[in-house]
Every structure is written in C-alpha cells, then in structure tokens.
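Working notes, beginning with the structure itself.
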Amino acid sequence: MELSGAIRRVRAQGRRLTPQRIAILRALIAAGGPVSAQEVLGSVQTAVPCMSLDTVYRNLTMLTTTGLVARINLQTQGVARFEFQGEGHHHHVVCLACGRSACVEACPVPEAVQALVGSAGFQVVSHAFEVYGYCGECRGATGATPPPLG
C-alpha cells in the first residue's frame with residue numbers, strides 16, 4: 001500500500017487527514033522498517049518544522065488504531081518503535097545482542113487466540129508478537145550457545 005491507499009483508509013475510518021499525519025505517514029513509508037517516534041520527528045521536521053514530539057506520539061497512536069501502523073515494543077530497546085503495516089500485518093524476530101530485527105510474514109496468533117478465547121466471548125482488537133534470540137552473526141562472534149527457552 002502506498003500513501004494514497006493509506007490516506008483513503010484514514011478517511012474511510014472517519015479520521016481527519018492533517019498535514020502532520022500525512023508527513024508522519026510519508027516518513028513511516030520511507031523508513032521501510034521500525035522507527036522510533038524521535039526518528040519520525042527528525043524525518044518530518046523539514047516538511048513541518050513546528051511539529052513536536054508530543055504531536056508525533058499522538059498521531060502514531062491514532063494511526064495504530066487504524067491498523068496502518070504497528071507499535072513494536074522490542075525488549076532490547078528502551079523505546080517503542082513504529083512500523084507502517086499497510087495491508088500486510090506481520091511480526092518480528094529480534095536479536096538480543098545487536099538489536100537487529102527481521103520480519104516474520106506469517107502470523108500464528110489469530111488461530112491460537114481464537115482457540116483460547118472463542119468460547120469466552122472475548123473480542124481481540126490487537127496483538128503483538130515478537131520472537132527473541134540471537135542472530136547468526138552474534139552467535140558466531142561469541143561462540144556461545146544461548147540458554148534454551150524456558
């Protein structure tokens with residue numbers, strides 16, 4: 001999905017499309033991966049110089065409710081990261097040593113969650129799923145075998 005599709009989706013959900021939101025969407029699409037709110041602010045300040053970090057966070061939160069943006073809380077970093085999802089919902093594997101992440105296109109969560117909560121009448125509106133471990137480069141550099149999951 002490109003910017004025009006994202007704009008249509010925001011409008012279809014009855015949300016206003018401000019210059020700040022358009023600039024933030026452009027920055028997220030251009031990033032091509034998870035970025036922090038501070039990185040988004042740095043990207044949009046030339047187009048919208050008076051934008052504050054608070055405005056970026058507010059708009060990122062609103063965009064997550066549309067399903068266009070995913071908030072990723074990586075354990076290896078102290079700050080949330082945001083990623084443009086467009087049409088494709090996905091998850092991540094994250095290296096605990098270097099922080100590098102990679103996308104996991106398949107989503108195992110819906111089937112597992114439906115089996116657990118289907119009879120309880122619980123309605124799921126969102127979920128997050130990250131897998132943590134060590135990338136091949138970091139495993140090779142230390143020569144250590146990480147402890148098994150437990």
Side-chain angles (χ1 to χ4, degrees), residues 1-139 149:
M1 174 184 292
E2 294 182 17
L3 181 62
S4 59
I7 288 171
R8 280 192 301 278
R9 190 159 167 188
V10 170
R11 285 186 175 143
Q13 292 187 13
R15 308 285 184 154
R16 285 186 6 189
L17 206 57
T18 64
Q20 291 89 344
R21 287 183 184 159
I22 293 171
I24 289 168
L25 281 168
R26 278 193 176 114
L28 290 168
I29 292 168
V35 290
S36 68
Q38 291 84 357
E39 291 168 322
V40 171
L41 180 61
S43 295
V44 301
Q45 280 191 317
T46 54
V48 187
C50 61
M51 190 180 303
S52 70
L53 186 57
D54 184 53
T55 299
V56 171
Y57 272 114
R58 247 189 349 268
N59 281 284
L60 287 171
T61 299
M62 185 283 301
L63 290 168
T64 61
T65 65
T66 66
L68 286 170
V69 174
R71 179 183 174 133
I72 304 161
N73 297 307
L74 302 177
Q75 289 180 0
T76 58
Q77 300 168 4
V79 64
R81 305 194 58 83
F82 298 86
E83 183 176 37
F84 182 75
Q85 296 279 297
E87 298 290 338
H89 169 79
H90 64 272
H91 300 286
H92 299 89
V93 292
V94 183
C95 179
L96 291 168
C98 68
R100 197 172 324 162
S101 66
C103 294
V104 176
E105 299 302 329
C107 179
V109 176
E111 295 80 21
V113 169
Q114 290 306 325
L116 293 171
V117 300
S119 62
F122 188 84
Q123 180 184 6
V124 177
V125 295
S126 179
H127 67 271
F129 180 71
E130 286 93 30
V131 177
Y132 296 93
Y134 297 92
C135 69
E137 190 173 312
C138 290
R139 274 194 342 260
L149 294 175

Within a strict 4.5 Å, meaning less than it, do heavy atoms of the Arg9 and Leu68 side chains meet?
yes
Run the side-chain hydrogen bond (donor to acceptor under 3.5 Å, both in side chains) test against Thr64 and tell me which residues pass, sequence neighbours left out.
none
Can you name the closest pair of heavy atoms from Ala37 and Val56 and give their distance?
O-CG1, 3.7 Å
Please report the interatomic distance OG(Ser52) to OH(Tyr57), rounded to the nearest 0.5 Å.
11.5 Å
Under a 3.5 Å distance rule, please check whether Gln13 uses its side chain to pair with a backbone N or O of Thr66 as donor and acceptor.
yes
Nearest-0.5 Å distance that lies between atom OH in Tyr132 and atom SG in Cys95:
12.0 Å
So do Thr61 and Val69 actually touch side chain to side chain, heavy atoms under 4.5 Å?
no
Report all side-chain donor-acceptor pairs from residues 41-49 shorter than 3.5 Å, counting only partners two or more places apart or in another chain.
{"from": "Ser43", "atom 1": "OG", "to": "Glu39", "atom 2": "O", "distance (Å)": "3.2"}

Distance-minimising heavy-atom pair for Leu28 and Phe82
CD2-O, 3.9 Å
For the CD1 atom of Ile24 and the OG1 atom of Thr18, what is their distance to the nearest 0.5 Å?
7.0 Å
Determine which pairs satisfy salt bridge (Lys or Arg N to Asp or Glu O under 4.0 Å) with at least one residue from residues 41-62, sequence neighbours left out, and list them in order.
Asp54-Arg58
For residues Pro34 and Glu83, report the shortest heavy-atom separation together with the two atoms involved.
CD-OE2, 3.5 Å
Please confirm whether the backbone N or O of Met51 pairs with a side-chain atom of Thr55, one donor and one acceptor, at under 3.5 Å?
no
Value rounded to 0.5 Å, distance of CG in Leu63 from CG in Leu25:
5.0 Å
With Arg8, which residues qualify under side chain to side chain contact (heavy atoms under 4.5 Å, CB included), at least two apart?
Ser4
According to the salt bridge (Lys or Arg N to Asp or Glu O under 4.0 Å) rule, which pairs have a member within residues 11-31, sequence neighbours left out?
none
